[in-house]
There are 2 protein chains.
Amino acid sequence: MPPTSETLTAERILEATEEVLRRHGPAKATVVDVARALGVSHGSVYRHFRTKAALREAVTKRWLDRTSRRLAGIVDGDGTAEQRLRAWLAGLFEAKRHKAGDDPELFATYTVLTDELGGVVYEHIEDLTGQLTRIIAAGAGSGDFRVPDPAVAARAVFQATGRFHDPCHARDWARQGIEEEFTAVVDLLVRGLSSPSP
Amino acid sequence: MPPTSETLTAERILEATEEVLRRHGPAKATVVDVARALGVSHGSVYRHFRTKAALREAVTKRWLDRTSRRLAGIVDGDGTAEQRLRAWLAGLFEAKRHKAGDDPELFATYTVLTDELGGVVYEHIEDLTGQLTRIIAAGAGSGDFRVPDPAVAARAVFQATGRFHDPCHARDWARQGIEEEFTAVVDLLVRGLSSPSP
DNA sequence: CAGCTGACAGATTTCAATATCTGTCATTCC
DNA sequence: GGAATGACAGATATTGAAATCTGTCAGCTG
């Protein structure tokens, strides 16, 4: 009994995979489960994704890209470079914190997945630091920021704020005072970017 | 056949525990193993440490304190506050990186231990940020740094450099270019501390 | 004939029995 | 008498046999 009689597409498989991951967790989510959820044989899933790893990679990439796209809107938005930088960092923190807080099981699942999929995460980080570089370069152009190399500065800012977006710190995001800590770090970084060259 | 006939002290037990941890890893290191290594019955170990958790805690504390003490020497050392701050941060990075690089097994062992012992790690971090606070306060006093609250700034600096001392980033410490990343982050933070208040 | 199926081999995971460990304490030993 | 021992009960870990999963492919189906 097929749940829907639409044709089987990669998109539908990804949808079902996400649901199975949410339900079963990363360790117990099998290709057979995904096929069962779709009412097809597991052989059909292998027609669209060569291996289980490729399927996991695709679903993880989709998940990460959702955050990327949301933040991309801030890069060319309104306000000064400093305002956009602050909004972007706050947006990243907020997005991660909500993902972790709203559905901890699913977040833990993706944390496991990203741990085993180095390449996808690398691209995601390149994407995000690229966005940051554009904001900082704009600030350097307008004179708000004084940095020798916007790309280097962007990476430093991204890494320095790791505590507020790297999944390995997720358990701290619910702690009392985390907001103040975030503000203190961002203030310090913004002052570093804005100060005259040494 | 007791390997040594000295009296059984807490110190000797900690020594043996560290050796057993190095040999067997955190999951397989048992109290029975420790007793066997010392040539005594496991009941004797329980005379000095009430539980296995207490033993693990004591040995972990000892390990963390070794790093603390090494860095404490820099706090009141020679040079300007900026020089000491840079030396302290570099020293912390260096210490952690060597621990992780020289004996990855033992480092992984302590990473597991610190994960289960929240309190000990909390105290260790309080200790380290305390040292940082003293350096930054000295800089604020001499006019090198301009910060409203040295303790807040110290915590921000500690967290912003987390990538270079937090065990969850240990695998990145062997990567190409990590030194440059460290320098970029520290430069940015020092500029932030030194710049005139906003 | 394009897409799907289900049986299959080898790899991985589960589960229950078996063995080991933790923490206690009555007893032994200097 | 203070320190150490080793037997013990309940909790935890190991092990290996049975079940399940991954990835392939010859054949079915519409």
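These numbers were taken from a predicted model, which means no experiment stands behind them. Side chains included, hydrogens not; waters and symmetry mates left out as well; all remaining heavy atoms used. Residue numbers begin at 1 in each chain, while the letters A, B, ... track the order of the sequences.
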Heavy atoms of other groups near A:Arg66 CZ, more than 12 under 6.0 Å:
yes
Over all heavy atoms of both residues, which pair between A:Ala154 and A:Thr133 is shortest? Give the atoms and the distance, please.
CB-OG1, 3.2 Å
Can you pull out the residues from residues 45-54 of chain A that lie within a 4.0 Å heavy-atom distance of DNA chain D?
A:Tyr46, A:Thr51, A:Lys52
Which part of the nucleic acid, if any, lies within contact of B:Val31, taking any heavy atom under 4.0 Å across all strands shown: a base, the sugar-phosphate backbone alone, or nothing?
sugar-phosphate
Might you confirm whether atom CG of A:Asp78 has over 12 heavy atoms from other residues, nucleotides or ligands at distances under 6.0 Å?
no
Atom NE2 in B:His169, atom CD1 in B:Ile178: separation rounded to 0.5 Å?
9.5 Å
To the nearest 10 degrees, the angle between the two end axes of the helix from C:dC1-D:dG30 to C:dC30-D:dG1 (five pairs per end) comes to 10°
Would you mind reading off the distance between A:Arg36 atom CZ and C:dT5 atom C1', rounded to a whole angstrom?
16 Å
Base contacts versus sugar-phosphate-only contacts with protein, heavy atoms under 4.0 Å: please encode nucleotides 6-18 of chain C as B, S and - from 5' to 3'.
BB-----------
Hey, are B:Glu15 and B:Arg12 close enough for a salt bridge, meaning a charged N less than 4.0 Å from a carboxylate O?
no
Partner residues of A:Ala137 under the side chain to side chain contact (heavy atoms under 4.5 Å, CB included) criterion, sequence neighbours left out
A:Pro150
What residues form a side chain to side chain contact (heavy atoms under 4.5 Å, CB included) with A:Arg155, not counting sequence neighbours?
A:Gln159, B:Glu181
Rounding to an integer number of Å, can you tell me how far B:Leu38 CG sits from D:dA3 P?
17 Å
Would you please name every residue forming a side chain to side chain contact (heavy atoms under 4.5 Å, CB included) with A:Ala184, sequence neighbours left out?
B:Val152, B:Ala156
What's the closest nucleotide to the side chain of A:Val32 if the choices are C:dC21, C:dC4, D:dT22?
D:dT22
With a 3.5 Å distance limit and no angle check, can you tell me whether B:Trp88 reaches the backbone of B:Gln131 through a side-chain donor-acceptor pair?
no
B:Lys99 charged N/C atom sitting above B:Trp173 aromatic ring, 6.0 Å / 45°
no
The reported gap from CG in B:Asp33 to CG in B:Leu21 (rounded to nearest 0.5 angstrom) is 9.5 Å
Just the rounded figure in Å: distance from P of D:dA3 to CZ of B:Arg12.
15 Å
